[in-house]
2 protein chains.
Amino acid sequence: MTVTMKKVARRAGVSISTVSRVLSGHLNVREEISCKVKRIMKELGYTPNIIAKSLVSKTTNSICVLLPGPAEELFSNLFFMELIRGIVAGASRLGFDILISSGATEQEELEVVSQLLKGRRVDGMIVLSSHYDDAVIEYLNTNSYPFVLVGRSDKYDGILSVDTNHSMAAYDATSHLITMGHERIGFVSGPQDLIVSRDRLEGYRNALLDHGLEWYPEWIVEGESLQDSGYGSISDFMNLPNRPTALVAVDDMVTFSVIRVLKQLKYKVPDDLAIVSFNNIPLAELSVPPISSIDTRIYDLGAMASQVLIQRIQHPEHENQYKNRFIIAHQLIERESSMLAM
Amino acid sequence: MTVTMKKVARRAGVSISTVSRVLSGHLNVREEISCKVKRIMKELGYTPNIIAKSLVSKTTNSICVLLPGPAEELFSNLFFMELIRGIVAGASRLGFDILISSGATEQEELEVVSQLLKGRRVDGMIVLSSHYDDAVIEYLNTNSYPFVLVGRSDKYDGILSVDTNHSMAAYDATSHLITMGHERIGFVSGPQDLIVSRDRLEGYRNALLDHGLEWYPEWIVEGESLQDSGYGSISDFMNLPNRPTALVAVDDMVTFSVIRVLKQLKYKVPDDLAIVSFNNIPLAELSVPPISSIDTRIYDLGAMASQVLIQRIQHPEHENQYKNRFIIAHQLIERESSMLAM
DNA sequence: CTGTTAGCGCGTTCAT
DNA sequence: ATGAACGCGCTAACAG
């Protein structure tokens, strides 16, 4: 049998209101009674019913993380695990629970989000997808539900968001290679419809531009095609006349594939091709050779996301009063894959 | 302003009860009225308040996944990501939401679990940790809350659990190497306090025993020490007099380290040392050479976990009536790392 | 300071 | 087939 406030009240010989007051820490209760009630609560093993609480307070102390639709490939990415870990940590520090949800299609996502928010099951959303045009963001924005975007949206610039400065990160990665003496630097791009991909490409170009170096379309390899026909793409790339001596790759996983193929082709990293990539997954260190990678502090990104969202939920009046865009500083971890050839 | 049943009722000129009946799909409502109410619900954009619903029904249609504390998180994030993916998929197919939670210490975990269950925020728990002696399991079991353990507990054998037959998996991995002609086979173990580790070690031994082969304590390397002083351990191992020609490693990540060190020591895989490991992470295929690995179908494990738990929640009367232990079949993926040396 | 009352939005009796 | 009334467990308004 569950222990309710009613029982505690009866057992302590006081009214329910008093018990409630003790629970919520109101001070207008005689010290003596307060102690007694607390003792009885302990004795009976009372735990407040959060559901009832949120029915009346209209807040649930929980937020939902909406995972990107076709969870299949994205999910297996270490990125999301790390992010979620950060989100959970940040939220639980503030007493919030995390609900994980996802929808197969965009329509389904909208349905889920609407149910959750209108049904008052969660107080806010963390959106992880970052397509150019996102119906979910549109929905959340127009209905002014509290939410934070992990990533960036071109369309709405006033929205609360947490992000890495991907352009700058790519700029730094490229500059590092330039510092190492490379003058012909290639690029392995990510999926074209993601903003991240465009930002990184931009950073890469800017770095070359600022250093007076050139780049050619043939130096840019589509990352996705590597998964299927990695061998051919890399082979073609390495046979380019006057080919690049270094490469900026958009993801550590992709870099793994690249290195593997290069080995099969009897090329040496970094001697024949130096590489810097992104995300700094744990395995980057274990690779042969270890991979230089931009650490984007994904865990911190997640923690920050939940914290700013909760802040917004608890103090909606601060909207537009403080800044809406939070950038987590990245960091280049230099390893062997980008070292100077000796 | 939120749309409640009250409003729908007023707008439709019927009582709240009727609206409720329509919503829950009861058939004792005149077709005509049912349609009208449904139309109005659509019109007004009504979404049932899940919180109120669960207050009265005493069920939340959501379950909680308790993530292991920071201690083990290093071991293999990929495992948990894949597992959670399966859990979310399995749960959402049945209309359940997933709450993610974790505690830094065991005490904190207990606190969280207790809050969630007694506070009726979730209907059940999925427990991922699998120490020999787990306070959380003890708590859940004695209070007879619905829960499922992903893994195995020696202490309580009647509890609902989903698992891989790790012993059998290790047996199969070892047998595979034996089939390949190896007679001296080493083993890289996992953390000693995990049941998984012991099971796998057992399977390894049994395989050797059944084939009349010997094993020596020096052939068993502590996996954790590899992370720190991998170089030394492996070097020692390879310099053993009459050393093993093959190795069963407890995890793909560990295998990565091993292969890396072997390369530095100028040994060849599989020629100098054949390796089979566990989990079949995506990168196993991309390794040089590709790693033979036991695929434990982690996604299916997760999906199964949420489904049996929900089954138990919805039909508690079936307890002890059906089996409580579900095994997901594993599968050996043979790749180059265990191929016959030519 | 404390107890009484009135909901939060919904399901579930009872009657009718 | 339908409506009125009550209660889930809790908070907040009002009295005293």
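Naming convention: chains lettered A, B, ... in sequence-line order (proteins, then strands); numbering from 1 in each chain.
For the pair B:Arg121 CZ and D:dG9 C1', the computed distance is 15 Å after rounding to whole Å. The separation between A:Glu31 atom CD and C:dT2 atom P is 11 Å, rounded to whole Å. For A:Lys36 and C:dT2, the NZ to C1' distance is 14 Å, given to the nearest whole Å. Taking atom NZ of residue B:Lys118 and atom C1' of nucleotide D:dG9, one finds them 15 Å apart after rounding to whole Å. At whole-Å resolution of the value, CG in A:Asn28 and C1' in D:dG16 are 15 Å apart. Rounded to a whole Å, the CD atom of B:Glu32 is 12 Å from the C1' atom of D:dA1.
Side-chain atoms of A:Gln115 and A:Arg121 form no donor-acceptor pair, as typed in the model, at a separation below 3.5 Å. Between the side chains of B:Asn324 and B:Arg312, a donor-acceptor pair is found at a separation under 3.5 Å.
Within a 6.0 Å sphere centred on NZ of B:Lys7, heavy atoms belonging to other residues, nucleotides or ligands number more than 12.
Formation of a donor-acceptor pair under 3.5 Å by the A:Ser54 side chain with backbone atoms of A:Ile50 is found in this model. Looking only at distances, no side-chain donor or acceptor of B:Ser144 sits under 3.5 Å from a matching main-chain atom of B:Asn141.
Between D:dC6 and C:dT5, the distance separating the two P atoms is 14 Å to the nearest Å. Going from the P atom of C:dC1 to that of D:dC10 covers 25 Å, rounded to whole Å.
The residues A:Arg39 and A:Glu43 are annotated as salt-bridged, a charged nitrogen and a carboxylate oxygen being separated by less than 4.0 angstrom.
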Which letter, B, S or -, goes with each nucleotide of nucleotides 4-16 of chain C from 5' to 3', with contact meaning a protein heavy atom under 4.0 Å? B---BBSBB----
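At a threshold of 4.0 angstrom between heavy atoms, the contacts of A:Ile51 with the nucleic acid are absent.
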